[in-house]
Amino acid sequence: MDNLTVDVAVIGVGTAGLAAYRAAKKQGRHAILIEGGPYGTTCARVGCMPSKLLIAAADAAQTIRRAPAFGVHPGPLRIDGRQVMARVRTERDRFVGFVLDGVDKIPVADRLRGHARFIDPRRLQIGDHTTVTAGRIVIATGSSPSIPEQLQHLGKHVVVNDDVFDWDDLPESVAVVGTGVVGLELGQALHRLGVRVAIFGRSNRIAQLTDPVVLESATACFSDELDLRLNTHIVSAQLQDQQVALHTRSADGSERVERFALILAAAGRSPNVAQLSLENTGLELDQQGIPTFDPATMQCGDSAIFIAGDVNLQRPVLHEANVQGIEAGKNAALYPDPESAADRVRFSIVFSEPQIAMIGQSYRTLESTGPGTFAIGAVSFQDQGRSRIMLQNHGTLRVYAEHGSGRLLGAELAGPRAEHLAHLLAWACQSKMTISDMLALPFYHPVVEEGLRTALRDAQYQLTHASTSDDMSIVGR
Ligand SMILES: Cc1cc2nc3c(=O)[nH]c(=O)nc-3n(C[C@H](O)[C@H](O)[C@H](O)COP(=O)(O)OP(=O)(O)OC[C@H]3O[C@@H](n4cnc5c(N)ncnc54)[C@H](O)[C@@H]3O)c2cc1C
Ligand SMILES: NC(=O)c1ccc[n+]([C@@H]2O[C@H](COP(=O)([O-])OP(=O)(O)OC[C@H]3O[C@@H](n4cnc5c(N)ncnc54)[C@H](O)[C@@H]3O)[C@@H](O)[C@H]2O)c1
């Protein structure tokens with residue numbers, strides 16, 4: 001058994017772990033990285049990048065399908081599944097290659113391979129070959145897709161996102177279980193690429209939206225295009241002749257049995273904590289077995305253990321994994337005197353069509369503060385000029401503003417170019433801008449951002465005229 005003593009040990013070489021390692025080194029500490037799985041990060045290997053590659057192919061198909069509405073007739077659409085998946089894999093490998101190049105540049109002595117688990121709060125066992133004694137430890141172990149119990153016996157007929165991006169060809173049919181972010185992005189992309197897809201949600205929720213008006217609008221858009229079965233429970237799933245017979249029950253009690261080539265489990269992700277032997281750290285753990293921690297410092301209690309990225313389930317998106325990693329690595333180096341980070345606005349984007357985005361405080365959070373505390377401004381994209389020009393006039397945006405101060409508190413939207421609107425809204429939120437501040441800024445014409453201006457004007461009107469928070473009106477253009 002080898003023994004190693006270091007200042008900072010980082011468990012997990014994903015986005016958060018790499019950022020933590022670099023931040024600790026920057027503070028002059030002797031830091032090491034420990035990885036039990038493949039290098040390359042979830043984002044590049046099986047997450048952000050390959051999913052967007054698949055979506056890009058689906059968008060290309062959709063543009064062709066939509067072309068006749070503009071008087072443009074491109075001829076019959078043919079989708080070559082092998083070519084689609086070959087490009088996804090090749091480009092994915094290229095992105096992974098960049099990460100691997102970065103890992104290669106880290107001194108070999110700073111990289112340990114093997115699964116890490118705690119022996120005590122300052123010691124780790126790596127595989128069966130090394131013991132690491134560390135002044136501070138950063139947990140950056142990410143999360144893994146959950147497979148609902150009723151699907152676990154299906155063997156290779158139940159797949160998760162990781163499997164999709166290794167396909168050689170597109171399957172004939174897929175039942176997607178889960179209407180969260182992964183289910184919606186991958187389900188819609190596969191549907192657009194000619195796969196027979198049904199998407200099953202056990203509630204009426206879509207992609208974490210909490211605003212009932214935006215949710216209703218988004219549901220209408222997706223239901224128009226997709227075989228979307230909300231409020232539907234999986235009763236059972238049986239293997240029959242190399243297919244899965246999926247038995248479902250919808251809210252009205254009606255039952256169906258349908259056959260699919262594959263089931264895609266998109267039912268959320270679990271933190272990779274189960275095999276860390278966290279019971280040996282003495283840390284307080286929450287119901288999911290995650291150490292309780294201070295989000296301003298990433299420190300677990302007053303220990304020398306820090307936690308960053310998807311593993312803490314707080315904000316499981318890429319930019320947060322990076323920033324949390326930096327904070328955790330820096331504060332591990334500064335331990336016992338960690339520094340608190342400034343508040344960062346929450347912000348997420350779903351790359352479906354229409355795109356979905358949530359910024360700042362959600363409708364649900366604000367609503368729980370009681371009526372009359374916030375005003376809502378809304379716009380429907382149906383008659384919004386530029387959206388209509390592009391034939392992407394679907395969805396709704398609602399912005400939330402604080403009564404009294406007029407500050408922008410948050411927004412939820414489903415609509416065209418939401419990825420760009422979301423950035424404007426996130427930056428305004430982070431800068432603590434008021435609705436008046438935002439309306440004083442220039443808006444070009446004709447752009448989708450003019451839709452945002454309509455919502456802001458509506459919010460301004462509500463702030464000055466309305467007394468209650470939840471006026472469900474939606475104004476056009
Ligand atoms: C399909 C999909 C699409 C996504 N798309 C987007 C997107 O478009 N935009 C966005 O912002 N986010 C997206 N995300 C989320 C984003 O990928 C994650 O937030 C981010 O990759 C998390 O990084 P991380 O460092 O926390 O975890 P990871 O990159 O998963 O790193 C954790 C590492 O820890 C290792 N590990 C685990 N346990 C141990 C152990 N005990 N010992 C040693 N090593 C261990 C793992 O092998 C892994 O390498 C997507 C996710 C998925 C699944
Ligand atoms: N564009 C992006 O930024 C992006 C893309 C993909 C994933 N991600 C990240 O990955 C995380 C995980 O995504 P996800 O879609 O797996 O999780 P999610 O939490 O968004 O959705 C999970 C869905 O599965 C459903 N579900 C849970 N258990 C179920 C069961 N037993 N049967 C049926 N349905 C069940 C839930 O009701 C929910 O609709 C997201 O939180 C997100 O942060 C981000």
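Bear in mind that the values here come from a model prediction, so they are computed numbers and not experimental data. Side-chain atoms are counted along with the backbone in the values below, which use heavy atoms only and exclude waters and symmetry mates. All ligand and atom numbering here is 1-based and tracks the order in the structure. Numbers here are sequence positions counted from 1.
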Polar atom proximity, Pro148 to ligand 2 (N or O, under 3.5 Å): no
Residue portion contacting ligand 1 (non-hydrogen atoms closer than 4.0 Å) for Thr42: both
Identity and distance of the protein heavy atom lying nearest atom 2 (C) of ligand 1: Gly47 CA, 3.4 Å
Electrostatic pair Glu172:Arg196 at N-O distance under 4.0 angstrom: yes
Carboxylate-amine/guanidinium proximity below 4.0 Å for Glu367 and Arg364: no
Carboxylate-amine/guanidinium proximity below 4.0 Å for Arg45 and Asp162: no
Qualifying residues under side chain to side chain donor-acceptor pair (under 3.5 Å), relative to Thr131, sequence neighbours excluded: none
Side-chain (Arg269) to main-chain (Ser143) donor-acceptor, under 3.5 angstrom: yes
NZ/NE/NH1/NH2 to OD/OE distance under 4.0 Å, Arg117 and Glu279: no
Minimum heavy-atom distance Ala16-Ala308, with the two atoms named: CB-O, 3.8 Å
Ionic contact status for Asp227 with Arg229, cut-off 4.0 Å: yes
Atom 24 (O) of ligand 2: nearest protein contact (heavy atom, Å): Ala267 CA, 3.2 Å
Minimum-distance protein heavy atom relative to atom 37 (O) of ligand 2: Arg202 NE, 3.4 Å
Polar proximity ligand 1 side, Glu35 side, N/O cut 3.5 Å exclusive: yes
SB check Lys52 Glu185 (cutoff 4.0 Å): yes
Shortest protein contact, atom 33 (C) of ligand 2 (heavy atom only): Val177 CG1, 3.5 Å
Minimum heavy-atom distance Gly114-Ile34, with the two atoms named: O-CG2, 3.5 Å
Per-residue contact class, Lys52 against ligand 1 - non-hydrogen pairs under 4.0 Å: side chain
Per-atom contacts, ligand 1 versus Ile34 - under 4.0 Å to a heavy atom: 43 (C), 44 (N)
Ligand 1 N/O within reach of Asp310 N/O, cut-off under 3.5 Å: yes
Under 4.0 Å to a heavy atom of Phe351 - the qualifying atoms of ligand 1, by number: 8 (O)
Residue-ligand contact Arg269/ligand 1, heavy atom below 4.0 Å: yes
salt_bridge(Arg417, Glu449) N-O dist < 4.0 Å: no
Under 4.0 Å to a heavy atom of Ala140 - the qualifying atoms of ligand 1, by number: 32 (C), 33 (C), 34 (O)
Close approach, Gly114 and ligand 1, non-hydrogen under 4.0 angstrom: yes
Contact atoms of ligand 1, heavy-atom distance to Ile11 under 4.0 Å: 40 (C), 42 (N), 43 (C)
Close-contact set for ligand 1 against Leu318 heavy atoms, below 4.0 Å: 10 (C), 11 (O), 12 (N), 19 (O)
Shortest protein contact, atom 16 (C) of ligand 1 (heavy atom only): Cys48 SG, 3.9 Å
Identity and separation of the nearest protein heavy atom to atom 19 (O) of ligand 2: Gln208 NE2, 3.5 Å
With Asn272 via side chain to side chain donor-acceptor pair (under 3.5 Å) - residues at least two apart: Ser144
Donor-acceptor pair, side chain of Thr281 and main chain of Leu278, under 3.5 angstrom: yes
Which of the ligand 1 atoms, numbered from 1, are nearer than 4.0 Å to a heavy atom of Gly309: 26 (O)
Residue from Gln392, His394, Gln355 passing side-chain contact (heavy atoms from CB on, under 4.5 Å) with Pro416: Gln392
Ligand 1 versus Pro316: contacting region, heavy-atom distance under 4.0 Å: backbone
Nearest protein heavy atom with distance in Å, relative to atom 11 (C) of ligand 2: Arg269 CD, 4.1 Å
Any N/O pair Glu185/ligand 2 closer than 3.5 Å: yes
Atom indices of ligand 2 within 4.0 angstrom of Phe351 heavy atoms, with elements: 1 (N)
Per-atom contacts, ligand 1 versus Ser51 - under 4.0 Å to a heavy atom: 3 (C)
Test of proximity, Val350 against ligand 2: N or O pairs below 3.5 Å: no
Nearest protein heavy atom with distance in Å, relative to atom 17 (O) of ligand 2: Gly268 CA, 3.3 Å
Shortest heavy-atom approach to atom 21 (O) of ligand 2 - which of Ala265, Ser143, Gly180, Gly47: Gly180
Pair Gln188-Glu225, side-chain donor/acceptor within less than 3.5 Å: yes
Carboxylate-amine/guanidinium contact Glu339 Lys330, below 4.0 Å: yes
Within-shell test, Ile349 vs ligand 1, heavy atom, strictly < 4.0 Å: no
Proximal ligand 1 atoms for His115, defined as those under 4.0 Å from one of its heavy atoms: 40 (C), 41 (N), 42 (N)
Short N or O distance, Val182 and ligand 1, threshold 3.5 Å exclusive: no
Ion pair Arg398/Glu412, N-O distance below 4.0 Å: no
Donor-acceptor contact below 3.5 Å, side chain Asn331 vs main chain Leu334: no
Heavy-atom nearest neighbour of atom 3 (O) of ligand 2 within options Val176, Ile349, Val182, Thr232: Ile349
Ligand 1-proximal atoms of Glu320, by part, heavy-atom distance under 4.0 Å: neither
Sidechain-backbone polar pair: Thr90 side chain, Ala86 backbone, donor-acceptor under 3.5 Å: yes
Within 45° cone and under 6.0 Å: Arg113 NZ/CZ vs Tyr39 ring: yes
Contact check: Thr15 vs ligand 1, nitrogen or oxygen atoms, below 3.5 angstrom: yes
For atom 23 (O) of ligand 1, the option (of Pro50, Ser348, Gly325, Ala321) bearing the nearest heavy atom: Ala321
Sub-3.5 Å N/O-N/O distance, Pro316 and ligand 2: yes
Any Ala266 heavy atom less than 4.0 Å to ligand 2: yes
Derivation of the ring pair (Phe, Tyr, Trp, His ring centres under 6.0 Å) call for Phe347 and His319: CA-CA 10 Å; Phe347 159 39; His319 67 277; 5.4 Å; yes
Which residue and heavy atom of the protein sit nearest atom 5 (C) of ligand 2, plus the separation: Val181 CG1, 3.1 Å
Val46 N/O to ligand 1 N/O under 3.5 Å: no
Minimum non-hydrogen distance to atom 42 (N) of ligand 1, winning option of Gly36, Pro38, Ala116: Ala116
